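Inspection log for the structure reproduced underneath, given as structure tokens.
The structure presented is a predicted model; accordingly, all values stated were derived computationally and were not measured.
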Amino acid sequence: MMHELFSMVDAQRVTDDRRALHGLAGTGFDIQATFDYVWHALTQMGLAPKKCGRCGIIADIGAGEKCVLLRADMDALSIREETDVPFASQNGCMHACGHDLHTAMLLEAARILKGQENTLGGMVRLMFQPAEEPLIGAADMLQNGLLDGVKPIAAFMIHVMTNIEMPVGTAIVSAPGVSAPAAGMFEIRIQGKGCHGAMPHTGVDPITIAAHTVLNLQQIQTRELSLTQPSALTIGMLKAGDAANVLPDRAVLQGSLRAFDEETRQYIIRRVEEIATQTASLFHGSAEVELLGGAPTLMNDAALSASTLTALRELLGADKALLSSDLGGDAAKSAGSEDFANVSHEVPSLMVALSAGRPSEGYAYPAHHPRTKFDEAALPVGAAIYARMALNALQM
């Protein structure tokens, strides 16, 4: 099976797809060029894609009551690329998280599965998802027909990893249970009172309020949560003012929070709201908090984990297919949240990580960095993994 599947992968084609998609990078739901590329590729291979939600795409291969869902995310990040690759994005957005690889790999897997359509023993539903980074795309697709007409027995996703000292093409199968934390994105809008910088006593300084808010929020993790409640709270954006000698009216902060259980996540959300509003009030201003998006914990099914690990060891070799819990440390769980988690609470699901860049071989920057790069040698491996996971699940 290993030889057979890899012989079906066109390494040049999946690389060409990835490079084309890399140059079409868009963010959130603003991915029309990527949408058009994927739609055209699916129709070219004889499939009948359907729009799902704002700009998601689904397409079915095969037929029958038994169904498997394969997901790839399509959006990029608002990062100006600083790599030296000849196909670098020029539009101010960048696939710095590898979603272009995921999409290209799933397109190639779709071609393989389409060629075996009459012997699949069921249906494979392809899910090409927008807006994974803001954690709102999967929910949009679920609310707009992703699972209409089907009841998948399994759902799979792959996420590439770079800047990891592991042979390229190594698959890490998630152990049963939670592999990625629940998350929430939020915005804090602080209202002050603008005035001349020489007369600060006549106004209310929203920048001072914002600074105290950032510091006060750090107390949640350091003083309110125990060591048994791993979490992260990050303020990644603070905007205020346009001139050095003017106090502005407003300041805006955006941040994210993560926790490995829902009770902790809800506690942090409540405390963010309390601290933001009360800190603003303390300095005679006001604040409002808006939740921008989020995802629950990513749950991995025990039966799928065991079956997929066996299947991928047959495909790749025992040393190239590992179980996350056997690795220990940070590799056992991802600190980054994953929008696929929404699917995992509706369908038995599994996340597989794929190594795609060793620091010792020139892949020295992590994901979400303007200089991050991915080793394209992982592309044919990922395509074969997608196909193998679908075929294995349909045979269970």
Side-chain angles (χ1 to χ4, degrees), residues 21 24-35 38-39 50-58 69-79 92-100 102-103 106 125-148 155 157-159 178-189 231-237 252-260 262 265-266 268-269 272-273 288-299 334-347 349 351 367-368:
L21 290 161
L24 302 175
T27 60
F29 291 112
D30 187 16
I31 58 164
Q32 188 62 50
T34 300
F35 178 97
V38 172
W39 188 280
K50 299 177 182 177
K51 187 176 181 180
C52 180
R54 290 177 60 177
C55 55
I57 300 174
I58 57 174
L69 183 71
L70 298 179
R71 179 274 215 165
D73 35 14
M74 300 188 289
D75 59 319
L77 290 151
S78 296
I79 295 175
C93 299
M94 180 188 178
H95 274 295
C97 200
H99 296 184
D100 52 336
H102 305 160
T103 300
L106 186 54
R125 174 158 290 185
L126 309 173
M127 174 188 179
F128 292 92
Q129 180 205 312
E132 192 283 326
E133 293 293 349
L135 303 176
I136 54 178
D140 179 69
M141 292 186 72
L142 282 165
Q143 293 163 8
N144 288 282
L146 173 64
L147 302 181
D148 283 1
M157 63 158 284
I158 294 175
H159 204 301
V178 175
S179 64
M185 306 289 188
F186 59 87
E187 180 173 275
I188 301 173
R189 295 184 288 272
S231 61
L233 176 62
T234 301
I235 300 297
M237 187 274 278
V252 179
L253 300 85
Q254 288 187 356
S256 63
L257 59 93
R258 289 171 173 83
F260 279 97
E262 186 61 21
R265 184 172 80 108
Q266 290 299 327
I268 296 173
I269 290 172
V272 167
E273 293 174 341
E288 57 181 3
V289 178
E290 179 184 359
L291 299 179
L292 303 177
T297 53
L298 198 165
M299 300 296 299
S334 169
S337 299
E338 172 52 65
D339 198 16
F340 181 73
N342 289 281
V343 175
S344 78
H345 285 255
E346 301 292 332
V347 177
S349 298
M351 172 182 175
H368 289 219

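- Under the 4.5 Å side-chain criterion, counting only non-hydrogen atoms from C-beta, Arg265 is not in contact with Pro296.
- Heavy-atom minimum distance, Ser349 versus Val347: OG-O, 2.7 Å.
- In this structure a side-chain-to-backbone donor-acceptor pair under 3.5 Å is missing from Thr297 to Ala182.
- Going from atom CZ of Arg71 over to atom CG of Leu126 covers 13.5 Å, rounded to the nearest 0.5 Å.
- A distance-only check finds a donor-acceptor pair linking the side chain of Asn144 to the backbone of Asp140 [under 3.5 Å].
- In this structure, CG on Leu106 lies 8.0 Å from CD1 on Ile158, to the nearest 0.5 angstrom.
- Rounding to the nearest 0.5 angstrom, the gap separating the CZ atom in Arg189 from the CD atom in Glu288 is 4.0 Å.
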Output, in order, the C-alpha distance, side-chain angles, deciding distance and verdict of side-chain contact (heavy atoms from CB on, under 4.5 Å) for Lys51 and Phe35. CA-CA 9 Å; Lys51 187 176 181 180; Phe35 178 97; 4.2 Å; yes

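- Annotation: side chain of Leu292 is not in contact with side chain of Pro134 (no heavy-atom distance under 4.5 Å).
- Nearest approach of Ala183 to Leu135, heavy atoms of both residues: CB-CD1, 3.5 Å.
- Two residues are said to be in side-chain contact when any heavy atoms from C-beta on lie closer than 4.5 Å; Glu338 and Glu132 meet this criterion.
- Taking both residues in full, the closest heavy atoms of Asp148 and Arg125 are given as O-NH1, 3.1 Å, listed atom of the first, atom of the second, then distance.
- The CE atom of Met74 sits 3.5 Å away from the CD1 atom of Ile31 when rounded to the nearest 0.5 Å.
- Side chain of Asp100 to main chain of Leu21: no donor-acceptor pair is present (N/O by atom type, distance under 3.5 Å, no hydrogens or angles).
- When all heavy atoms of Ile58 and Cys52 are compared, the pair lying nearest together is CG2-CB, 4.1 Å.
- For the atom pair CG (Leu70) and CZ (Phe128), the distance works out to 9.0 Å, reported to the nearest 0.5 Å.
- In plain terms, the two heavy atoms of Pro130 and Gly28 that are nearest each other are CB-O, 3.7 Å.
- A 4.5 Å side-chain heavy-atom check between Met299 and Val178 finds at least one atom pair inside the cut-off.
- Counting heavy atoms from C-beta outward, Phe186 and Leu233 have side chains that approach closer than 4.5 Å.
- A 4.5 Å side-chain heavy-atom check between His368 and Glu133 finds at least one atom pair inside the cut-off.
- Counting only heavy atoms from C-beta outward, the side chains of Gln129 and Leu146 never approach each other to under 4.5 Å.
- When each of Ile269, Leu291, Thr234 is checked for a side-chain contact (heavy atoms from CB on, under 4.5 Å) with Leu257, only Ile269 meets the rule.
- Ring geometry for His99 versus His95: interplanar angle of 30 to 60°, hence tilted.
- In this structure, Val343 and Met127 have side chains that are in contact, with non-hydrogen atoms separated by less than 4.5 Å.
- For the pair Arg54 and Phe29, the cation-pi criterion (under 6.0 Å, within 45° of the ring axis) is fulfilled.
- Summarising the geometry of Ala33 relative to Leu24, their closest heavy-atom pair is O-CD1, 3.8 Å, with the distance given to 0.1 Å.
- Here the straight-line distance linking atom CD1 of Ile136 with atom CE of Met185 works out to 9.5 Å at 0.5 Å rounding.
- Looking at Ser231, its side chain never comes within 3.5 Å of a backbone N or O of Phe260 through a donor-acceptor pair.
- In this structure, the side chain of Asp30 does not engage the main chain of Thr27 through any donor-acceptor pair within 3.5 Å.
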